[in-house]
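Below is one structure; the comments refer to it alone.
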There are 2 protein chains.
Amino acid sequence: MRRLAWSVLTTTQPTTGTEPDLAALASLLADRTRASFCTALLDGRAWTAGELARHAGVAPSTASEHLTALVGAGLLAEVRQGRHRYVRLASRETAELIEAMSAAAPKAAPPRGLKAVHRSNALARGRTCYDHLAGALGVAVAEAVTERGWIDWEDGPSLTAGGRTGLAGLGVQIPARTRRPLVRSCLDWTERRPHVAGAVGAALCSRALEAGWLVRLGGTGGGRAVRVTAEGRAVLAGTLGVPDEVLESAGA
Amino acid sequence: MRRLAWSVLTTTQPTTGTEPDLAALASLLADRTRASFCTALLDGRAWTAGELARHAGVAPSTASEHLTALVGAGLLAEVRQGRHRYVRLASRETAELIEAMSAAAPKAAPPRGLKAVHRSNALARGRTCYDHLAGALGVAVAEAVTERGWIDWEDGPSLTAGGRTGLAGLGVQIPARTRRPLVRSCLDWTERRPHVAGAVGAALCSRALEAGWLVRLGGTGGGRAVRVTAEGRAVLAGTLGVPDEVLESAGA
DNA sequence: CGCATGTTTCGGCCGCCGCCGAAGCGTCCC
DNA sequence: GGGACGCTTCGGCGGCGGCCGAAACATGCG
């Protein structure tokens, strides 16, 4: 049993009623360039201003102004290092917000150009979603652990006792004593089906990267697509029972 | 134990990679008028085009165009009835998205005008957040049920066995066999502390309104502020242990 | 020190978009 | 039928905001 982190005794006096400026927040993301920055940063890493500018196809000066706006609003956090300006998403909450908006957003026109199509397909097959797995791979993993009885979806997703031991057997460290939900359902924007987020989703993903079951694709600015390695394929098919078709297309 | 609603056997072939158009969605909410429509509709009811126009202080023609855009994008659902055009939020997911964005949004300048200040203060004291309670009242209820041991926040919020019986004693019908999380934490934008959403939050709120513990304030276009009645005060203080100060200021 | 590189500031241009009022259409009610 | 009312369409106006290039500034490196 655990109490709320905030004491009941702390102030309950009504805040002076300033309502949230929804339009101001939305304006920040309402621009193709700024939105593409945020989407790119969903890989959880820090990018330099120049990388983001090239990624979005705008002049460095333009990117600089956009970044100032996003950092000023608290959506991004920045670290200046030498002549570089590194930015990343400010918090996991910010990442979750962008994820949630992406799932609700309409689909853009299909990408043009061979490179763009390749990248887009790679993203659809398997990617990280800030700190957990998404794409066909993420959905397949979610379904596999459900089949295994590790996660129960009755009344919202929850980790079963079997799931705890199963994950432990894979070397996945499940954090305890956190206010973060262990399992959170996250709607996948390629598959329109849920994948596993929350503390467990994050732990599983970080374990998979650390153990070399997955590797990130693409060089600088490559983004968040991942590929399943041979060892990963053995583990995911064997222990989790992820279907071979998915692993095959998400491999190599 | 319950399976995912979508069969593992259904297609896992990668969707042709069309990425979500985050900017398009955000653009819809990036306008003060459209944002105020959505915020107003967070009360969960259907408003007419004219009501929304007056609420936002724009001409009917302007409102009409905005509504067409919001409905076209699938954010709002509309029902035409005689010479009226009723609109409401399209789904609970949409409401949750707007909630989540409101919590992340910067605070607007304090309202001007006596009426606006009053309304704003009423919202801060107690309001509905689509289908559950929010504001100082919502936060106090969340803390009270936590004190009672009805909700446990370890590893994410969950309903305890004691909570089930306690809520049943209040006549709150907890839905079973749903994929919706029973308890979801929702950050309150006035209090910056969590209140209770999810199936349980919704059931509690609807029970409170149905039993007359709470009543909605304000006439047409009044919005989502609620007031605690005398009976409500007895129940909330007695059974739930909500502090008197909160009930007092949220009453009358 | 001098050059390359990454970033920022500033002016100016252009397009988009939100606004209104006028006019028109459909519905309701007397 | 006639008038009131709610909503929509259209044209036109005005402002905001994103874009770039040029120039300046900062850093790192030889």
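Residue numbers start from 1 in every chain, and the chains themselves are labelled A, B, ... in the order their sequence lines are given, proteins ahead of strands. Worth knowing before you read on, the calculation uses all heavy atoms, side chains too, and leaves out hydrogens, waters and symmetry mates.
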Check your understanding: What closest approach, in Å, do A:Thr94 and A:Leu75 show between heavy atoms, and which atom pair accounts for it?
Key ->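 A:Thr94 and A:Leu75 have their closest heavy atoms at CG2-O, 3.5 Å.
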
**Message:** Can you give me the closest heavy-atom contact between B:Ser102 and A:Pro20, atom names plus distance?
**Reply:**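 Answer, listing the atom of B:Ser102 first, then A:Pro20: O-CB, 3.2 Å.
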
Distance from B:Thr68 atom OG1 to B:Arg85 atom CZ, nearest 0.5 Å?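 Spacing of OG1 (B:Thr68) from CZ (B:Arg85) equals 4.0 Å.
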
Between [N] atom [atom2] and [X] atom [atom1], what is the distance in whole Å?
| X | N | atom1 | atom2 | answer |
| --- | --- | --- | --- | --- |
| B:Arg54 | D:dG6 | CZ | P | 7 Å |
| B:His55 | D:dG6 | NE2 | P | 18 Å |
| B:Asp31 | D:dG17 | CG | P | 11 Å |
| B:Leu52 | D:dG6 | CG | P | 14 Å |
| A:Arg32 | D:dG17 | CZ | C1' | 16 Å |

Sugar-phosphate only, base, or nothing, as touched by A:Thr33 at under 4.0 Å among non-hydrogen atoms: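 Answer is sugar-phosphate: A:Thr33 comes under 4.0 Å of backbone atoms only.
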
* To do: For DNA chain C, note the earliest and the latest nucleotide, 5' to 3', having some atom under 4.0 Å of a heavy atom belonging to chain A.
  =>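 Listing 5' to 3', DNA chain C meets chain A from C:dA4 to C:dC10.
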
Measure from NZ or CZ of A:Arg127 to the centre of the six-membered ring of A:Trp189, then state whether that distance is under 6.0 Å and the direction lies within 45° of the axis.
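Judged by the rule (NZ or CZ under 6.0 Å from the ring centre, within 45° of its axis), A:Arg127 counts as positioned above A:Trp189.
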
Just one of B:Arg224, B:Arg216, B:Arg45 clears the side chain to side chain donor-acceptor pair (under 3.5 Å) bar with B:Thr128, so which one?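 Exactly one option meets the side chain to side chain donor-acceptor pair (under 3.5 Å) with B:Thr128, and it is B:Arg216.
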
Using a 4.5 Å cut-off on heavy atoms from C-beta on, say whether the side chain of A:Val196 contacts that of A:Val141.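 Counting from C-beta outward, A:Val141 and A:Val196 never come under 4.5 Å.
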
Legend entry - Positions of residues 59-77 of chain A (non-hydrogen atom under 4.0 Å from DNA chain C), listed by number: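 Those residues whose heavy atoms fall under 4.0 Å from DNA chain C, taken from residues 59-77 of chain A in numerical order, are A:Pro60, A:Ser61, A:Ser64, A:Glu65.
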
Given protein heavy atoms under 4.0 Å, the one-letter contact record of nucleotides 23-30 of chain D, with B base, S sugar-phosphate only and - none, is simply ----BS--

